[in-house]
Every structure is written in structure tokens, then in C-alpha cells.
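The model shown is predicted, which means the values in this text are computed figures rather than measured ones. Letters A, B, ... mirror the listed sequences (proteins, then strands); counts begin at 1.
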2 protein chains.
Amino acid sequence: METLRSLVPSINSLVVFEAAGRLSSFTAASRELGMTQAAVSYAIARLEEHLGATLFLREYRRVRLTEAGERFHADVSIGLSHIHRSARDLRAVTTGSHVTLSCSTAFASFWMVPRMAQFREELPHIDLRIQTSDHDLDLLGEGIPLAVRGGDPNHWPNYLSEPLAPEEIYPVCGAGYLAGRSAPMTEADLLLHQLIHLEEPYRTAATWADWFSAVGIDRRRIPKGLQINDYVLVIQSVLAGQGVALGWRHLVGGLVDSGVLVRLTNHVLTTGLQFHVIWPRDISMSQCAQQVREWLLAQPRV
Amino acid sequence: METLRSLVPSINSLVVFEAAGRLSSFTAASRELGMTQAAVSYAIARLEEHLGATLFLREYRRVRLTEAGERFHADVSIGLSHIHRSARDLRAVTTGSHVTLSCSTAFASFWMVPRMAQFREELPHIDLRIQTSDHDLDLLGEGIPLAVRGGDPNHWPNYLSEPLAPEEIYPVCGAGYLAGRSAPMTEADLLLHQLIHLEEPYRTAATWADWFSAVGIDRRRIPKGLQINDYVLVIQSVLAGQGVALGWRHLVGGLVDSGVLVRLTNHVLTTGLQFHVIWPRDISMSQCAQQVREWLLAQPRV
DNA sequence: GGTTTCCATAAATACAGCTTATCAAGTTTA
DNA sequence: TAAACTTGATAAGCTGTATTTATGGAAACC
């Protein structure tokens, strides 16, 4: 079969043709493409010669696509724009002044937000955009250079990663919650409290069942309580004194330290998993994204 | 906006990338493209460098597209194949061993068929394909280099043309039709005969009304008769002795000369229009198509 | 009639893309 | 275990094509 290369003198000439056709002017096309008018004229002439078709009618001070040229132009435009868009998406990850970080709403609220002031101070030139999503979206497809995800890196073969924090879980309640209540002495005492459950709609997260199992308490003994599907709302409920929830150390550690949340019992569920900063393996990162990654990883571990 | 040129090192590299991705091998791609393996390796390396993305994983004795590469490859393939198809269609008109001639079924039957033996003798190397259509199809769109059409060349600004025969119309009947009937002496006598009408569904052709008008006979006096929508069938009906029809000289002249059809009356309706050989203006013709055109125009006028 | 603004053409030039040559790596096989 | 084979990477150098520079011609417009 005739290859595309044999059909046209050079694929580059198609780009010239596209611009010339769109602008109906060789001179304008040459300006747009940053080359001389002669080069455009030459490229078009060779393309026409090669295809054996007149693509342009040379009129006074302009050129006009012939009918055949019009048809070909439409197809070339479609083809090139398709490629153009794809190439632009690829590059979007690696360049650009802004950096998009994909993470959960919980991570955004409890980890990023408290550190944003410091971020602005240390990396003032970077326009950081946090994209929260509780789906595990496709960074490559979305053109996002950086994300925070919990889990096993082996599950993301197309991404490189660096651990940010281990997954450690303990019960917390609001500072005022214990007033008028007796603090639980043992893990089993917690069964008598108002438990707030996180019901992740898309991901699977550790639950009260996991936590109680780890201390040898049968999951069937766990009372039903408040079911909330967003971790930010879970913690807000806890802060409002509505009950006890599981706290992820890397998220709530700061609140515990400042005293607005209170740890209950001494048991910590350690899943062995880590939260990671991850980025697409095959795509080189922009300077800015690299700086953001280094900044994330340099934050003191809670 | 970033132009496509700035996104990729050269558009040619996309062709190399497409082949390499499809074949999962630089060496195989180099063979297909008729270049060296080194050139492919170099082109891909530059493309990756330019896009800032790793497109291939180099494995033992093969390369494999990365996820990002896969995505980009799909888009590039689509884009290039779109252009490829369009370019091929353009070229199909100008090259190729066969020549397609578009004409009406009537012209095919009564003009081409009687001359085909001679055509084969004079241009044996040409694979002539006659495409009959009673629509006025778009030669450019169909990739057809040559057609025969009646009418005014000014109506086809995108085509060049050369007249083949004037439009001359006279009544004819079958050789046996007059047996037992009195031959019409005047044009008006024809009104007493069984007239066969051609009812062109798509084009407008001259009718009995036109013919009678030209000799000063009111169209309202014309009797209804057989209505047939294909001129080939009209003439077959006439040959079968079913009645009298209008005969176009360039089509039925040969049948009249050989005696199987008989001209009636002396009046000839000359519309002033011509039948033309036409071809797309903007597309250069293949050698073969040119020969066919010259052959058509060199045929002795009936 | 001069001016302007397009496109075409010719000659000269630069440099991208290609080839040649060689190396490295990894699997097969002997 | 080492030699052979295949495939990709790399370096250096060459070639040819795309581009520029320079010029001319045509068509409108003032």
C-alpha cells in the first residue's frame, strides 16, 4: 500500500497547508508559522505537485482553496488537530506554571489546608491547584502530575511513588465529648459509645470492624451508629461532640496535638500500608511539580 | 497557543512513532519505512525528549508502548490515517491503471458499448470502468477522473470540458413499426402515433413537448402514451415496435444508419447544448485517463 | 503611472534527519 | 560457559531538503 510518506512530500508540508488553507493566504501563514512567504509557496507547490492536484486558486492578493483542496483541508485539519490535542495533553503534565495535586477531600482539609500558609511562604511562585476527588481518577488521562494516594504502590504500575505517612488509625472524640461521660478504659468500653462510621462510596477504607478485630473483639458486637460518607464530615461530627470516630494519624494528628480532638484508648491500628505521593511514571515532571513533590515529602511527619 | 510544530520535533517523527508503536519494534519500523534502525531510534528519542514523556519501554528485543505512549499512539494513528485516507483518495483520481468513466446508462449502452471493441483494440492496456449513474454525481468526491455530461459547461465551474456531440433530437421508430401503418408525412401526423415518453427522474431532458413546440404544435395536443423512466428502456420499446420516441442523434445515430431504427419526419430539434467530456479542474489527470479522454473526443461524430 | 501587496521563482544556505559504524545488553545455542 | 545472534543506543559525519534571501510579475488602487 502507498504509505502516507509516499503520498505527500513531507508531513511537515501538511502543517503549512493547514495554515495556508485556514488563512487563505501564504503570507499570513508564513507569519503564523514563523517562516518566510517563499517557504510556504514552495511547500504548497511541492504538495500540489506530489498529490497531482491543484489545492489553491491563486487570486489577486489571496489564495483560495479549490474544491479538492477544501476537501483535503478539512481532513488534514481534523487529523492534525486530533494529534495536536493529544500532544498538548501529554505536555500539559510536564509544563505549565501551575501544578495540580489530586487528593481526597480529607487530605485536602486536614493535611494540606493547615500547611498552605507555609506552602505559600516557601514556594510563592507556584500556583498550586488542589483537585479533590474521592474516585481514583486517572492522572495520566487527566494530565495531572501529582497525587496523594493511600495503598500499595504495586497496585499502580504506571506510577512512581514515595511514602508520605504510614496508615495509623486510632479512635478520637471531640474535646467536650467526655464531659459528663466516663472515658473508656479499655477498647471494649468503646462499644458503649456513639460510634461514627465512615462509609466510603468508592474506595475501601479501614472500618471500626477492622479496628475492633485487631483487639480481638467480634465485629458482631459493634453497635450501629452514625453513617457518614465523607471523612471531612465525619471529623466535623466528632468535633461537634457527636461521638467517636476513627482518626487517621496523618490527618488528625495535628488536631489531637492542639487539643481539639482527644485520643481514646492506646490501641493504634497499623495497616502496614502507607500514604504515598505518586506521579505518572512515563512522563517527565515540570520543575514546579518536582518542587511541590519535594515540599510534600519534606513536611515533618506527625 | 502552542502550535503543533512546537509540541513535536517534526511531524515526520509522528509517522515513525506510529509505525514503531504499531510494530512494537524499531527495527521492524525502520524496514517498513525504508530507513535505518538508528534513524528510528533517533527520531523516537527526540520525540520523547520534546514531549517530555517516555513513550516506549525498551525491553529485550522489542519495545513496548508505555501507558502514556499507548494513549498518544492511538490519537496519532487516528489523525494520520484520516489524512492518509484523504490523500489517497485525492491521488486515486490522478493515478492508477484503471480509468473510471461516469456516464448515463443511455450513453453507456448506445455510445460506449458499440465502440468498446474498438476501444480494446486501440487502448488495450487500459482497464476502463464505466460507472453509470443517472444522478449527477460529484466526480471530485467520488474520485472519478472523467465523465460525459450534457448541458452548459458554465454550470460546472469546477470542471473542464470539451464538447463531444451537439444535442440533436428527432423521432424514431422500430424498423417493423411502420408495417401496416401509414408513415407520418408531417410533424402533426405524429400526434396520431403511439408516443413513448422519457420521464427522467433526476435530470431534465428534452421532451415531446419541446419537440412539438419547436414545430409550432401546441403541447396540449400531444397524446399521452407510454411513460418510461430510463432511456435504454425507451429505445428497447421502440426497437420492439411499441411506438415512436425521441432519438438523440449521438446515441441512436448508429442504429438509424444500420436500419434497425427509422427516422420519422425531417425536423430535428437542436437545443444548442452539447454533450461534453468533463473532468475535475483542480486535479491532474493520469496518463491513462488522458488517453481515454483523447480517444473519446477522437471518435468520429455520427 | 506609481505604489502597494500579494505570490512565484531561482540561487544559496543551513541544519535536521539520515546513514554508517560501533557498542551494549540480553537471550539462545552449542 | 562462552559464542552467536538480535535488538536498541550512541557518536560522528554526510546529504538533501526545507528554508532564506533576493528578485520579478501581476493585479488593484490611489
> Whole angstroms only, please: what is the CZ-P distance between B/R64 and D/dT7?
18 Å
> Need one value for B/S13: base, sugar-phosphate or nothing, where a base atom within 4.0 Å counts as base even if backbone is also close, heavy atoms only.
nothing
> Do NZ/NE/NH1/NH2 and the carboxylate oxygens of B/R293 and B/E162 come within less than 4.0 Å?
no
> Both B/N12 and A/V63 contact DNA chain C. Which one's nearest nucleotide lies toward the 5' end?
A/V63
> Are more than 12 heavy atoms from other residues, nucleotides or ligands located less than 6.0 Å from atom CD of A/Q287?
no
> State whether B/R58 places a side-chain N or O below 4.0 Å from either non-bridging phosphate oxygen (OP1 or OP2) of D/dA9.
yes
> With DNA chain C as reference, determine whether A/T27 or B/G34 sits nearer its 5' end, using the nearest nucleotide of each.
A/T27
> Looking at the rings of A/F72 and A/F17, which for Trp means the six-membered one, are their centres under 6.0 Å apart?
yes
> Under 4.0 Å, counting only non-hydrogen atoms across every strand here, what does B/R5 touch: a base, just sugar-phosphate, or nothing?
sugar-phosphate
> Can you confirm if the aromatic rings of A/F275 and A/F107 lie within a centre distance of less than 6.0 Å?
no
> Less than 3.5 Å apart, any donor N or O on the side chain of B/S102 or B/R149 sitting next to an acceptor on the other?
yes
> If I take atom CD from residue A/E67 and atom CG from residue A/L55, how far apart are they, to the nearest 0.5 angstrom?
12.5 Å
> Are the charged groups of B/E48 and B/R58 less than 4.0 angstrom apart, N to O?
yes
> With a strict under 4.0 Å distance from non-hydrogen atoms of chain B, what nucleotide opens and what nucleotide closes the contacted stretch of DNA chain C, reading 5' to 3'?
C/dG17 to C/dT27
> Which of residues 35-51 of chain B have a heavy atom under 4.0 Å from DNA chain D?
B/Q37, B/A38, B/S41
> Once you round it to whole Å, what is the distance between C1' of D/dT10 and CZ of B/F26?
14 Å
> Tell me the closest heavy-atom pair linking A/R91 and B/S6, and the distance in Å.
NH1-O, 4.0 Å
